[in-house]
Amino acid sequence: MTTPATDGKMLVNALYHSAVVCGIAVGYARLGKMAIGGSPPKLDFIPRDVGMAIVDVALAMATKDMLIKQGLIPADIMK
């Protein structure tokens with residue numbers, strides 16, 4: 001059973017990780033737009049856009065893991 005303090009820490013850390021991945025994914029989407037041209041992926045069910053969004057998020061998660069391993073960003077905000 002978790003305490004309210006533990007739940008609060010988990011929530012803060014989840015929001016932190018979400019913000020990091022989202023920010024990096026948006027950056028990769030902008031880079032993809034500049035490199036390939038066209039528009040960044042939209043949230044509809046066009047296969048090309050779904051694939052682009054998956055690639056952006058996967059690259060963002062890999063980048064976040066690399067930054068944590070190198071010590072450039074913390075693994076968790078609240079310990």
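Hydrogens, waters and symmetry mates are skipped; everything else that's a heavy atom, side chains included, is used. Each residue takes its place number in the sequence, starting with 1.
The side chain to side chain contact (heavy atoms under 4.5 Å, CB included) test applied to I68 returns H17, K64, I73, A75, not counting sequence neighbours. Partners of I46 by side chain to side chain contact (heavy atoms under 4.5 Å, CB included), not counting sequence neighbours, listed by chain and number: D44, R48, D49.
Both M66 and L31 are assigned to one and the same hydrophobic cluster, defined by single-linkage of ILVMFWY side chains at heavy-atom distances under 4.5 Å. Grouping the Ile, Leu, Val, Met, Phe, Trp and Tyr side chains by contacts below 4.5 angstrom, directly or via other members, places V21 apart from I24. Both M78 and Y16 are assigned to one and the same hydrophobic cluster, defined by single-linkage of ILVMFWY side chains at heavy-atom distances under 4.5 Å.
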Can you give me every donor-acceptor pair (side chain of residues 51-63, partner residue at least two apart or in another chain, under 3.5 Å) with its distance?
{"unit_1": "T63", "atom_1": "OG1", "unit_2": "Y28", "atom_2": "OH", "d": "2.8"}
{"unit_1": "T63", "atom_1": "OG1", "unit_2": "L59", "atom_2": "O", "d": "2.8"}

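The nearest pair of heavy atoms linking N13 to I77 is OD1-N, 2.9 Å.
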